[in-house]
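Have a look at the structure below before the remarks.
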Amino acid sequence: MGTPTISANCLRGLIEHGFNIVAVITQADKKVGRKEIITKSPVKLVAEEYNIPVYTPIKIRLDYEFLKEINPDLILTFAYGQIVPQGVLDIPRLGCLNLHGSLLPKYRGASPIQAALFNNEEVTGVTLMEMIKQMDAGRMYAKKEVRIEKDDNATSLFNKIGDAGLELALEALPKYVDGLLEGVPQDESLVSFCGIIKPEDEKIDVNCSAKTIYGLIRGLSDNPGAYLYLDEAKIKIYKADYVSGEYSGENGEIIQADKNGLLMKCHDGAIKILELQKEGKKRMDYRSFINGNQNLLHRYFK
RNA sequence: CGCGGAGUAGAGCAGUGGUAGCUCAUCAGGCUCAUAACCUGAAAGUCGGAGUGUUCAAAUCCUCCCUCCGCAA
């Protein structure tokens with residue numbers, strides 16, 4: 001069970017390594033984009049490619065009777081996008097496992113990969129764990145660490161986590177099936193959570209520290225992008241760096257706008273904007289932005 | 001028919017009826033110990049496409065089409 005590209009890659013890997021996938025469950029086709037084109041999930045596309053039966057319950061919470069007939073030995077989820085009810089967890093004889101995009105017990109919840117970036121972590125990872133009723137709280141069977149590099153953003157980290165998830169599954173699933181893995185309970189004192197990211201969470205608060213803003217920008221790039229406003233125009237920042245040090249001026253003020261950089265002062269340092277996009281315009285580097293928007297100096301982002 | 005913005009030199013933009021401009025990049029020359037710095041000059045646009053639409057005159061107004069983007073989903 002899964003939905004986005006990383007799940008699809010994982011599914012493909014499992015299939016090619018000889019795992020017998022009897023059914024695939026993914027989110028239903030959705031209308032996407034301005035033209036509302038009906039789009040199948042990446043997982044569905046891969047499943048169809050290999051002629052594996054696909055199920056797309058709108059609400060798995062209510063609609064899972066079909067799974068009893070399939071009677072799988074094991075269910076593996078990876079970024080499925082719905083909460084799986086107890087009724088499903090009880091079906092497979094070997095239980096339900098989940099690949100979670102963090103090193104549990106850190107970052108239980110819906111956005112672990114982004115959360116690691118928001119918090120400027122240097123290491124995160126993926127955890128293979130038992131699914132229980134309480135979200136992301138089951139015993140852990142295996143983990144794989146992923147190092148976060150300076151130039152990583154959400155897109156690149158998703159890919160790394162996806163690759164790591166597949167590797168972990170290939171290594172650990174056979175052992176699990178043979179009963180060789182021991183489940184380790186999570187240390188409840190170290191639990192932290194991350195929720196669904198809402199549009200208001202994507203707004204940059206210029207009064208935050210440079211490092212916090214940097215983390216937000218990385219964690220939301222390339223999709224959907226962290227934003228702020230210049231006058232009435234919404235500006236998304238896709239790539240930036242942070243500079244420590246004291247700068248005069250107010251938070252949000254543009255304190256440099258030339259070929260050497262586009263700097264916005266914030267609390268405890270400044271943000272060096274590298275790639276951005278004004279609404280209605282294309283994504284561009286800071287030099288192009290400065291060329292087309294003169295007199296930026298001492299104006300304010302807010 | 002969900003709402004809205006935009007398509008003008010390689011890039012980013014200005015220009016809303018009267019012989020197409022700005023910043024950056026490019027090329028040439030100059031200055032300099034030197035330079036991504038500075039000075040001088042040059043090249044580069046059938047102004048998204050179509051119209052056997054309006055006008056003395058269209059990048060600018062009208063009609064249709066294409067593409068890109070923000071919101072919403």
Side-chain angles (χ1 to χ4, degrees), chain A residues 2-8 25-45 54-63 79-83 109-111 113-114 151 153-156 158 195-206 213 216-241 243 252-264 270-302:
Chain A
T3 297
T5 303
I6 55 170
S7 315
I25 300 174
T26 187
Q27 296 275 43
D29 301 349
K30 280 204 308 190
K31 296 176 180 175
V32 171
R34 273 175 292 275
K35 294 188 176 169
E36 308 208 316
I37 297 168
I38 304 288
T39 306
K40 298 175 179 177
S41 81
V43 163
K44 185 171 182 178
L45 292 173
V54 178
Y55 299 86
T56 59
I58 306 295
K59 289 186 177 175
I60 187 100
R61 184 168 57 85
L62 304 173
D63 176 13
Y80 171 50
Q82 291 193 47
I83 291 176
S111 55
I113 299 174
Q114 294 91 333
D151 59 353
N153 63 14
T155 301
S156 66
F158 258 87
I196 291 174
I197 298 168
K198 298 186 285 289
E200 55 265 34
D201 301 326
E202 295 157 11
K203 171 83 165 62
I204 293 170
D205 180 353
V206 298
I213 295 174
L216 185 73
I217 291 168
R218 287 212 295 168
L220 293 173
S221 181
D222 303 276
N223 259 302
Y227 68 92
L228 38 62
Y229 289 92
L230 181 63
D231 298 328
E232 298 308 310
K234 186 172 184 173
I235 311 267
K236 287 191 176 185
I237 314 288
Y238 288 105
K239 194 172 177 196
D241 203 350
V243 192
E253 182 173 350
I254 297 171
I255 53 178
Q256 184 184 340
D258 56 40
K259 63 185 64 177
N260 294 316
L262 177 58
L263 277 177
M264 174 187 84
I271 288 291
K272 185 170 188 175
I273 297 168
L274 298 174
E275 281 184 38
L276 68 168
Q277 178 180 39
K278 191 155 133 185
E279 60 182 32
K281 297 296 185 179
K282 290 183 181 172
R283 176 172 169 171
M284 65 185 76
D285 61 37
Y286 72 93
R287 286 189 177 217
S288 293
F289 183 76
I290 290 169
N291 282 339
N293 296 272
Q294 319 249 299
N295 301 318
L296 284 171
L297 207 57
H298 302 311
R299 288 171 65 192
Y300 294 87
F301 286 116
K302 57 181 189 281

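What you are looking at is a predicted structure, and each value in this text was computed from that prediction instead of being measured. Residue numbers begin at 1 in each chain, while the letters A, B, ... track the order of the sequences.
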Handout entry: Under 4.0 Å protein heavy-atom contact, by nucleotide of nucleotides 39-44 of chain B - B base, S sugar-phosphate only
Key = ------

Exercise for the section: Treat primed atoms plus P, OP1 and OP2 as sugar-phosphate and everything else as base, then score nucleotides 20-25 of chain B 5' to 3': B for base contact with protein heavy atoms under 4.0 Å, S for sugar-phosphate contact only, - for none. Expected result: ---BSS

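B/C61 and B/G49: their P atoms are spaced 15 Å apart (whole Å). A distance of about 13 Å separates the P atoms of B/A9 and B/A14, rounded to the whole Å. With C1' as the reference atom, B/G21 and B/A44 are 14 Å apart, rounded to whole Å. The C1' atoms of B/U55 and B/C62 are separated by 12 Å, rounded to the nearest whole Å. As rounded to the nearest Å, B/A59 and B/G48 have C1' atoms that lie 12 Å from one another. Comparing B/C66 with B/G51, their C1' atoms sit 15 Å apart, to the nearest whole Å. For the C1' atoms, the distance from B/A11 to B/U26 is 11 Å, rounded to whole Å.
When rounded to the nearest whole Å, the span between CG of A/D258 and C1' of B/A37 equals 12 Å. The distance from atom CG of A/N223 to atom P of B/A73 is 16 Å, rounded to the nearest whole Å. Atom pair A/L276:CG and B/C13:P shows a separation of 10 Å (rounding to whole Å applied). The distance between atom CG of A/N260 and atom P of B/U35, rounded to the nearest whole Å, is 18 Å. Atom pair A/I235:CD1 and B/G5:C1' shows a separation of 13 Å (rounding to whole Å applied).
Between A/F289 and A/K281 the shortest side-chain heavy-atom distance does not fall below 4.5 Å. When side chains are defined from C-beta on, A/I197 counts as touching A/L220, because their heavy atoms get closer than 4.5 Å.
Applying the Watson-Crick and G-U wobble criteria (two distances, each under 3.5 Å), B/G70 pairs with B/C3. In this structure B/C27 sits in a base pair with B/G41, meeting the Watson-Crick or G-U test at under 3.5 Å. Base pairing of B/U32 is not made with any nucleotide, judged by Watson-Crick or G-U wobble geometry with both donor-acceptor distances under 3.5 Å. Figure legend. B/C61 is base-paired to B/G53; pairs are counted as Watson-Crick or G-U wobble with both atom distances under 3.5 Å. Remark: B/G12 base-pairs with B/C22. Criterion, Watson-Crick or G-U wobble with two distances under 3.5 Å.
For A/I38, the CD1 atom sits in a packed shell: over 12 heavy atoms of surrounding residues, nucleotides or ligands are nearer than 6.0 Å.
No side-chain donor from either of A/S288 and A/N291 sits under 3.5 Å from a side-chain acceptor of the other.
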Can you tabulate the close N/O pairs, meaning under 3.5 Å, that link protein atoms to atoms of nucleotides 67-72 of chain B?
| unit_1 | atom_1 | unit_2 | atom_2 | d |
| --- | --- | --- | --- | --- |
| B/C69 | O3' | A/Q277 | NE2 | 3.2 |
| B/C69 | O2' | A/G280 | N | 3.2 |
| B/C69 | O2' | A/K281 | O | 3.2 |
| B/C69 | N4 | A/R34 | NE | 3.1 |
| B/G70 | N7 | A/R34 | NH1 | 2.8 |
| B/C71 | OP1 | A/K234 | NZ | 3.3 |
| B/C71 | OP1 | A/K236 | NZ | 3.2 |

